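As C-alpha cells, the structure follows; a few thoughts come after it.
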Amino acid sequence: MTKTHVLSVLVENEPGVLSRVAGLFSGRGFNIHSLNVAPALEEGVSHMTITTEGDSLILEQIMKQLHKIVSVIKVVDFADIAAVEREMMLVKVQAEGPMRGEILRTVEIFRCKVVDVSPNEMTIEATGNQDKLDAIINLLQRFGIKELARTGSVAMRRSKKAD
C-alpha cells in the first residue's frame, strides 16, 4: 500500500551531500515530493526533511540506500511515530474592493497572517499541515491566486507526555 513518508535525515554539512541524497532518489525512480535542508543544532550538521511516497518495500530500499551514504548520520521515518509536522506557504491573491474583507475573514479563520499589501493584492503567510494549506488554497482560488510558494514539510518527534 502506497503511503506518504516524512523522513528526517541528519547529514554532515559538506559539499555534494544534497546531490548524493537527491541522486539516490532519482537514480532509483523514487520521487521527492518536498525537500527541506537547514543547519541543525550541532555545528557542521544539516537536517534534511524529505517527503516521499511508496509502499513498505520502497521505503525499506530508500532507508538502506540512505544509510550507505557516508555523510548520512541518522535517518528517521515519521510514518509510525508521533510527530509534529508543519509546512509554510506564501500566497499572493488578487484583493480589490469588497474581496479584501472576505480574504481577511479567511485569513483569520485559518490563523494566517497578511505579510504584504498593495492596492490590488495581498500576500498571506500560512503554516500548518498539508491538508490545512490545501484547504486555504482551495478557498483563496476564487479570489485569484497570482503566486504561490511552499516550503515543504519539516517534522519533529513529539515530546513524551508526563505520567
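Quantities reported herein were computed from a predicted structural model and do not represent experimental measurements.
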Salt-bridge criterion met for Glu14 and Arg20 (N-O under 4.0 Å): yes

From Glu87 atom CD to Glu85 atom CD, the distance as rounded to the nearest 0.5 Å: 8.0 Å

Lys/Arg-Asp/Glu bridge criterion (N-O < 4.0 Å) met for Glu53, Lys3: no

Lys64/Glu60 ion pair, N-O < 4.0 Å: yes

Closest non-hydrogen atom pair, Ala22 against Ile32: CA-CD1, 4.2 Å

Side-chain donor-acceptor pair present, His5, Thr51, cut-off under 3.5 Å: no

Over 12 non-hydrogen atoms of neighbours within 6.0 angstrom of CZ in Arg157: no

Side chain to side chain contact (heavy atoms under 4.5 Å, CB included) between Ser46 and Val11, worked out: CA-CA 5 Å; Ser46 287; Val11 297; 3.9 Å; yes

Spacing of Arg150 atom CZ and Asn36 atom CG [to the nearest 0.5 Å]: 12.0 Å

Side-chain H-bond candidate by donor/acceptor type, Arg86 with Ser153, under 3.5 Å: no

NZ-CD1 distance between Lys113 and Ile124, expressed to the nearest 0.5 angstrom: 13.0 Å

Side chain to side chain contact (heavy atoms under 4.5 Å, CB included) between Glu121 and Val117, intermediate numbers included: CA-CA 6 Å; Glu121 297 174 341; Val117 179; over 6 Å; no

Phe25 to Asn31 - nearest heavy-atom pair and separation: CD2-O, 4.4 Å

Approximate separation, where rounding is to 0.5 Å, of Lys92 NZ and Leu140 CG: 14.0 Å

Nearest-0.5 Å distance that lies between atom CG in Asp77 and atom CD1 in Ile50: 11.0 Å

Separation of Glu102 CD from Met99 CE (nearest 0.5 Å): 9.0 Å

Val75 vs His67, side chain to side chain contact (heavy atoms under 4.5 Å, CB included): CA-CA, chis, key distance, verdict: CA-CA 7 Å; Val75 182; His67 284 292; 3.9 Å; yes

Test side chain to side chain contact (heavy atoms under 4.5 Å, CB included) applied to Met88 - qualifying residues, sequence neighbours left out: Leu90, Glu125, Thr127, Thr151

Any donor-acceptor N or O pair under 3.5 Å, side chains Gln65, Arg28: yes

Distance-only donor-acceptor check, side chains Ser118 and Asn120, under 3.5 Å: yes

Partner set under side chain to side chain contact (heavy atoms under 4.5 Å, CB included) for Ile109, not counting sequence neighbours: none

